[in-house]
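Below, read A as the first sequence line, B as the second, and so on, with proteins coming before strands; counting in each chain starts at 1.
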2 protein chains.
Amino acid sequence: MYSTFMSATPKIRIDLNSSVPAYRQIVDALRVLFVEGRIRPGDSLPSVRRVALDLGVHFNTVGEAYRQLAQEGWIDLQQGKSAVVRDRGLPPPAPVEQVKQFRARLRAFVAEARASGIAPAKIVEELKSLVQELLP
Amino acid sequence: MYSTFMSATPKIRIDLNSSVPAYRQIVDALRVLFVEGRIRPGDSLPSVRRVALDLGVHFNTVGEAYRQLAQEGWIDLQQGKSAVVRDRGLPPPAPVEQVKQFRARLRAFVAEARASGIAPAKIVEELKSLVQELLP
DNA sequence: ACGTACTGTACATATTAAGTGTACAGTCAT
DNA sequence: ATGACTGTACACTTAATATGTACAGTACGT
């Protein structure tokens with residue numbers, strides 16, 4: 001029988017000094033891997049204790065992140081088994097209100113970057129790079 | 001004597017149901033106005049009570065936002081006077097580490113948008129729009 | 001069948017962050 | 001001086017986050 005394994009334990013990094021809570025950083029980091037296809041349906045995630053050890057947080061913190069991801073439809077959780085990535089079809093199209101909110105938050109984000117001294121040229125570079133990845 | 005006045009009270013909007021705290025939403029919204037030059041050095045901000053009333057929060061919450069902005073060098077605060085926007089030269093160039101962090105957070109942000117059902121085309125549109133504003 | 005070692009989970013507690021209420025102190029115009 | 005406006009300080013409540021500990025399901029070897 002083939003063993004279920006993860007395509008190399010995904011390495012994520014969080015900043016314990018950040019003002020954004022650890023469990024949300026974990027959710028964000030894993031969601032990036034899902035969206036970008038670096039972890040795929042059928043793969044399983046490392047255990048909450050393993051991740052907790054790697055990141056330096058309590059395993060319940062990771063558990064909360066996993067539950068959040070389950071609620072978003074990214075993974076299936078079942079007690080005793082490891083968390084497995086699930087095939088989450090296309091999400092329903094977002095309402096316009098949410099698009100507006102996205103625009104506002106994006107602006108705030110870029111403004112913060114500019115304010116912190118990141119050169120506009122650098123920012124443009126990053127934005128363009130993302131555009132490239134999204135187009136094809 | 002000329003009255004000190006704000007170039008039309010800047011209207012900002014926050015989401016009281018959001019998971020990001022109100023005072024930080026206020027900081028973010030005002031910083032956008034500063035960075036984009038919609039509020040300029042010499043202008044004064046509406047009082048903490050005025051803003052609080054508009055947004056539906058307590059004035060101490062606004063006060064905390066103002067103090068944060070003062071610390072970032074955007075405004076001068078003095079008891080008894082209204083908050084006045086200050087000329088904050090160019091920020092010192094950000095270290096590479098911070099640029100990396102910007103990239104990561106930007107990715108997380110876009111991933112969240114995609115996951116929530118915002119069409120990639122829409123996202124690209126917004127990104128390009130920002131690039132346009134940053135280039136000239 | 002049983003034990004062992006691994007999964008995620010539930011819940012009480014501790015800690016920290018965020019928001020509020022109220023009183024205060026400075027500025028300015030009248 | 002007085003009144004009406006500024007921001008501020010601090011005690012307090014509430015909510016969010018993180019942890020500690022005990023539990024329950026699953027897989028696998030014996």
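Within a heavy-atom distance below 4.0 Å of DNA chain C, the residues of residues 71-78 of chain A found are A/Leu77, A/Gln78. For DNA chain D, the residues of residues 57-66 of chain A within the heavy-atom distance limit of 4.0 Å (strictly under) are A/Val57, A/His58, A/Phe59, A/Asn60, A/Thr61, sorted by number.
Comparing C/dA25, D/dT17, D/dT6 by their closest approach to the side chain of A/Pro21 singles out D/dT17.
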- Item | Evaluation steps, side-chain contact (heavy atoms from CB on, under 4.5 Å), between A/Leu30 and A/Asp28 | CA-CA 6 Å; A/Leu30 288 177; A/Asp28 289 345; over 6 Å; no
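Partners of B/Lys81 by side-chain contact (heavy atoms from CB on, under 4.5 Å), not counting sequence neighbours, listed by chain and number: B/Gln78. For B/Arg105, the side-chain contact (heavy atoms from CB on, under 4.5 Å) partners are A/Phe109, A/Glu112, not counting sequence neighbours. Applying the side-chain contact (heavy atoms from CB on, under 4.5 Å) criterion to A/Arg114, with sequence neighbours excluded, gives A/Val110, A/Ile123, B/Val35, B/Leu134.
Residue-to-nucleotide proximity on DNA chain C shows that, of B/Gln79 and B/Tyr23, the 5′-proximal contact is made by B/Tyr23.
For the side chain to side chain donor-acceptor pair (under 3.5 Å) condition, the pairs that include at least one residue of residues 56-68 of chain A, sequence neighbours left out, are A/Gln68-A/Glu72.
Put simply, CG on B/Asn17 is 15 Å from C1' on D/dA16, counting in whole angstrom units. The distance between atom CD of A/Gln25 and atom C1' of D/dT17, rounded to the nearest whole Å, is 12 Å. Summarising the geometry, the separation between CG on A/Leu16 and P on C/dA17 is reported as 13 Å, rounded to the nearest angstrom. Atom CZ in B/Arg49 sits about 11 Å away from atom C1' in C/dT22, given to the nearest Å. Straight-line distance from the NZ atom of A/Lys81 to the P atom of D/dT26: 7 Å, rounded to whole Å. Between the CG atom of A/Leu53 and the P atom of C/dT7 there is a distance of 11 Å, rounded to whole Å.
Taking 4.0 Å as the cut-off between side-chain N and carboxylate O, B/Glu133 and A/Arg107 count as a salt-bridged pair.
For B/Arg88, the CZ atom is densely surrounded, since the number of other residues' heavy atoms within 6.0 Å is greater than 12.
Checking the phosphate oxygens (OP1, OP2) of C/dT7, a side-chain nitrogen or oxygen of A/Ser47 falls inside 4.0 Å. Of the side-chain N and O atoms in A/Arg24, none sit less than 4.0 angstrom from OP1 or OP2 of D/dA16.
Within 4.0 Å of B/Arg67, counting heavy atoms only, lie sugar-phosphate atoms of the nucleic acid but no base atom.
With B/Trp74 as the aromatic partner, B/Arg31 does not meet the cation-pi criteria of under 6.0 angstrom to the ring centre and within 45 degrees of the ring axis.
No hydrogens or angles considered: a donor-acceptor pair under 3.5 Å links the side chains of B/Ser19 and A/Arg24.
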